[in-house]
Amino acid sequence: MFFKSKFFAPIFLMLLFSFKSINTGYTLYKDRISIPLSEGILNIIPLTNNSIRIQINGENIKQDEELILVNKLPVPAFKVTETNDEIQLKTASITVLYNKKTKALNFKDGKGNVFLSEKAESRKMAASNVNGNPCYIVEQSFNSPENEYLFGLGQFQDGHYNLKDISQKLTQVNTQIAVPFLYSNKGYGILWHQYGLTEFNPNDNLITLTKSEKSSDNNKEVEVTTTAGTQKISQRQALYMGKFNVDKEGQYSIMLDLGDMDSRHLVVIDDKTIIDQSNLWLPPAVSELVNLKVGEHSVQIVCNATNKPKLSFRKTDNSTTFRSVNAKALDYVVFKGKDTDEVIKSYRSVSGQAPMLPLWAYGFWQCRERYTSSEHLINTVKEFRERKLPLDVIVQDWQYWGSNGWGVPQFDEKNYPNPSGFIKELHDLKSHFVVSVWSNPDKNSTIGKKYVENGMYIPNTKWLDYFNPETGKAYWNTLNQNLFSNGVDGWWMDATEPENDALVGTTTHQGPGDFFRLTYPLFVSKSVYEGQRKTNPEKRVTILTRSAFAGQQRFGTINWSGDIGGTWDGFKRQIVSGMNFTLTGMPYWTTDIGGFFRPGGGQYKDEKFQELLTRWFQWGAFSTIFRLHGYQTETEPWKYGQKVEGNMREMLNFRYQLMPYIYSEASKIKTGSTFMRPLVMDFQNDEKAVNQPYEYLFGKSFLVAPVIESGVADWKVYLPKGTKWFDFWSEKSFDGGQEVKVNVPLNRIPLFVKAGAIIPFGSIMQSTNEKKWDTLEIRIYEGADGEFTLYEDEGDNYNYEKGKFATITFKWNDLKKTLSISEQKGSFSGMIKERKFKVVKVSSNLKLPNTTTEKYVDYKGNKISIKL
């Protein structure tokens, strides 16, 4: 037993083939222990000091190629001990305990506290098959204490921030992104390691529904009367009714699953509206929590007349459950850290670090549906320049292909002649060019026929089979020949789900599409990222895409929230969905500012929509990617009048002044950080902060609280505990741990700065490459010690990966009122060697708001200390 009582160094473990414990409770291998169960072999696999993989393999089912955990790191040191009651595997940071009686696992942190535990007798592995291919239906539940908050799982449109007890169906569709990674405010993360359909907290109690005789027809409408008012049903909708009983009073999860995307979610229980959402596109499934009394309850559902709705319910019970119906094994990974950054950093260490985007990607993206010619594109950029509206990117949406065939990445010669010529004109105007590309080019086009000949479509579909490596290479070659070689700077990769969950029932190069239902966007992104990096490593890959899967951050993708509605309700849902998305390890995210579907031609003079657009635009300035878009809409700021244009110009100027801060904070992403930070990331011990769905940190210094209601003059903001906060606009300071009310004129977004923050401000610029950062204002917010590192590199290549970058670290000693500026470290081509700093101290004296101290400094790369 000597060997089991010591930590094993990895080099020693490599010498062991296997080691059978004396009482045959487990088998020890160099990288795991294996425990026989009735369901199969339970493997407990340390991946890093703070991450453990749990995997149960059955017999005769081959595991899939590894798609997420692609980084094979050295096996961490671990030791194994055994008693009559349990088997224990311990790394430096996590202990896993297997209970021999219940067969359940408990997870302890380095201090010996249980932070996660499997629910006893909740593990399930039932034999199944997909089109004759054997698989399992797997399920695992975990105990979830009353005060736990859960986040992540991707991007959903149901408005839920805290996912505890919520039911969700993880599928890939327009506006919904499924990433099976969950984060808890208890400081752990779970990667549910499955590639197919996953149900989160599934509801198994089905309610029988009957289609009402009142369903509309002949262009008539029928009415559904509820406590929320009369709901009208159009000729394309149907009314379903039903009844169900519950035998216990309490909280229940209700899920509506329509099977296909719809335009209306309406669920009424006992004449009370529970779910009510409308948009041209809505995901198939939506859920809500509701309190029910014992007895019978009536339900009404309105949906598309062609859908077949399913309504289910479940009594919540302080547990969290994952279920996958097409699995090769029961498989999950647990990550533990002192905070969210440590958890996500560990997750990315095994699934791939996120590369840096080029500097220009953090500037403003002008997009609309759509520009109709190269002349149209050029004239638009010229107008931005004439009006002094900063811009870095102009985007060409679909249908630029003309008669070449739908979805073919090739410019129509009539409207886009001389592609390399017009793109050069855009570059000469100091703008970058991004173009929309699709994964379903017309099979009858010249390009499509070649793909057909080589078997590069998923059989019986219109979608390219990126699971075949040759398809990915061929697609990149097409993009390179027609677009990239002409100067295209980035990619807007649309419909990468593929659209409408289209892999169900298909057979891909990898196998049955059901097995890989969530992974298509990963393969699409991989083909373009690897293709471009191989073709031209001097140009950072920039991909805006509509879908994602776990590990996709390693391909440098930016996700946007799809074809959302331009309403206040739609706006609010984007903030919540974005916060959950960033907690899945995906650092780059954005939305269509103003919504994709808008109120038609009247929007340009509609003051109510203009208010929404202005508020959304303010929030967009504090997203990782700042992008405007709209369906059949002229989105240029001046189309909405001088007032809107002026307010937009203010936010554009502010964004560009913040570029040194933004790029420096974004540089931390490559080492595991996250830029848009839900408050659980920095204040997980402040329960009120954790439960704020519409506030977040932008980098480590700014607290952003967007206005999400119409017609308000003041806005309430919760300031997290443990620090002082400054209202950025008034410079008045407040103690944390309280809610404050601030004035919010239409040209202001509620914005607070943390005490101790050091923020570099640059000049107003029309593009990110217009001016160097040789003259900066360094603003210090006193009240706490602080530190900030200014980061610079060449801006648009991968030399930073070879150490070609430079940093200057600023440290503020609040007691001594001293700012220390370090020597400049590192170097790269074109590095600035001499600068002028205007150092500004913002006082925290409550009796003297707006008190500032200024000093000017000539900096030549040497260490300086300044007394303020």
Side-chain angles (χ1 to χ4, degrees), residues 154-155 172-179 354-355 357-358 361 365 367 369-370 393-401 406-411 432-442 447-448 451 456-458 462-467 471-484 488-500 502-503 518-533 535 539-549 551-563 581 586-592 596 624-625 627 629:
Q155 171 194 279
Q172 308 286 30
V173 294
N174 189 346
T175 75
Q176 176 174 299
I177 300 173
V179 182
L357 298 177
W365 295 46
C367 187
E369 199 282 307
R370 61 187 174 86
V393 184
I394 189 155
V395 183
Q396 174 62 58
D397 202 350
W398 63 347
Q399 299 192 48
Y400 58 86
W401 43 73
W406 202 98
V408 173
Q410 192 171 6
F411 287 113
H432 293 80
F433 183 52
V434 171
V435 64
S436 170
V437 294
W438 293 63
S439 297
N440 55 343
D442 184 356
I447 289 173
Y451 289 147
M456 291 182 173
Y457 286 90
I458 297 173
K462 61 183 179 180
W463 301 100
L464 289 173
D465 190 350
Y466 293 97
F467 300 103
T471 302
K473 292 176 184 177
Y475 186 67
W476 166 251
N477 288 337
T478 299
L479 296 185
N480 184 33
Q481 179 180 350
N482 294 324
L483 303 175
F484 189 64
V488 165
D489 298 296
W491 312 100
W492 178 9
M493 294 166 57
D494 214 335
T496 51
E497 297 88 358
E499 219 163 39
N500 300 325
L503 290 184
L518 304 183
T519 67
Y520 190 84
L522 182 76
F523 283 87
V524 183
S525 301
K526 178 178 186 288
S527 68
V528 175
Y529 179 81
E530 293 182 347
Q532 182 180 318
R533 281 207 66 165
T535 301
K539 199 169 188 175
R540 291 182 199 167
V541 184
T542 305
I543 298 172
L544 177 69
T545 183
R546 203 170 71 185
S547 195
F549 186 63
Q552 190 168 308
Q553 73 277 352
R554 63 183 180 263
F555 301 129
T557 53
I558 307 158
N559 283 91
W560 98 96
S561 56
D563 298 345
F581 185 74
M586 303 285 179
Y588 306 119
W589 181 86
T590 186
T591 70
D592 292 350
F596 183 65
T624 46
I625 304 300
R627 172 180 164 272
H629 187 48

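The model shown is predicted, which means the values in this text are computed figures rather than measured ones.
Note that CD of Gln155 is 4.0 Å distant from CD1 of Ile177, once rounded to the nearest 0.5 Å. If you take OH on Tyr400 and CD on Gln410, they are separated by 9.5 Å, rounding to the nearest 0.5 Å. Rounded to the nearest 0.5 angstrom, Leu483 CG and Asp489 CG are separated by 11.5 Å. With rounding to the nearest 0.5 angstrom, the CD atom of Gln532 is 4.0 Å from the CZ atom of Phe484. Rounded to the nearest 0.5 Å, atoms CH2 (Trp398) and CG (Asp494) are 8.0 Å apart. Here the CH2-OG1 distance, from Trp560 to Thr591, works out to 11.5 Å after rounding to the nearest 0.5 Å.
Under the side-chain contact (heavy atoms from CB on, under 4.5 Å) criterion, Lys526 pairs with Glu530, Phe555, sequence neighbours left out. Qualifying side-chain contact (heavy atoms from CB on, under 4.5 Å) partners for Arg533, counting only residues two or more places apart in sequence or in other chains: Tyr529, Val541, Tyr798, Glu801. With sequence neighbours left out, the side-chain contact (heavy atoms from CB on, under 4.5 Å) criterion links Thr542 to Pro358, Trp360, Ala361, Trp365, Ile558. Checked against ring pair (Phe, Tyr, Trp, His ring centres under 6.0 Å), Tyr475 has the following partners two or more places apart in sequence or in another chain: Tyr466. With sequence neighbours left out, Gln481 forms a side-chain contact (heavy atoms from CB on, under 4.5 Å) with no residue at all.
For the residue pair Thr557 / Ser525, no side-chain donor-acceptor distance below 3.5 Å is found, with atom types taken as modelled. Inspection of the Gln396 and Trp492 side chains reveals no N or O donor paired with an N or O acceptor under 3.5 Å.
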For this session: Determine, stepwise, if the pair Tyr588 / Asn559 fulfils side chain to side chain contact (heavy atoms under 4.5 Å, CB included).
Result: CA-CA 6 Å; Tyr588 306 119; Asn559 283 91; over 6 Å; no

Problem set entry | Chi angles and distances behind the side chain to side chain contact (heavy atoms under 4.5 Å, CB included) call for Val395, Leu544 | CA-CA 11 Å; Val395 183; Leu544 177 69; 6.0 Å; no

Problem set entry | Intermediate values then yes/no, side chain to side chain contact (heavy atoms under 4.5 Å, CB included), Ser439 and Tyr520 | CA-CA 10 Å; Ser439 297; Tyr520 190 84; 3.6 Å; yes

Exercise. Going through the distances and angles, do Asp465 and Met456 end up as a side chain to side chain contact (heavy atoms under 4.5 Å, CB included)?
Worked result: CA-CA 5 Å; Asp465 190 350; Met456 291 182 173; 5.8 Å; no

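With hydrogens and angles disregarded, a donor-acceptor distance shorter than 3.5 Å links the side chain of Thr624 to the backbone of Trp589. Listed for the Gln553 side chain is no donor-acceptor partner under 3.5 Å among the backbone atoms of Met586.
The minimum heavy-atom distance linking Val435 with Val488 is given by the pair CG1-CG1, 3.8 Å. Minimum interatomic distance between Trp463 and Ala502 (heavy atoms only, all atoms of both residues): NE1-CB, 3.6 Å. Here the closest heavy-atom approach between residue Thr496 and residue Ser547 is recorded as OG1-N, 3.4 Å. Pro409 approaches Thr478 most closely through the heavy-atom pair CG-CG2, 3.6 Å. Residues Glu499 and Trp438 approach most closely at OE2-CZ3, 4.3 Å, considering heavy atoms. Nearest approach of Ala495 to Arg546, heavy atoms of both residues: CA-NH2, 3.4 Å.
The side-chain heavy atoms of Thr535 and Trp476, taken from C-beta on, include a pair separated by under 4.5 Å. Taking 4.5 Å as the limit, every side-chain heavy atom of Trp491 sits out of range of all side-chain heavy atoms of Thr545. Taking 4.5 Å as the limit, every side-chain heavy atom of Leu464 sits out of range of all side-chain heavy atoms of Val524.
Listed by first and then second residue, the salt bridge (charged side-chain N to carboxylate O under 4.0 Å, His left out) pairs involving residues 475-484 amount to none (not counting sequence neighbours).
Under the 30°/60° scheme for interplanar angles, the aromatic rings of Phe433 and Phe411 are found to lie parallel.
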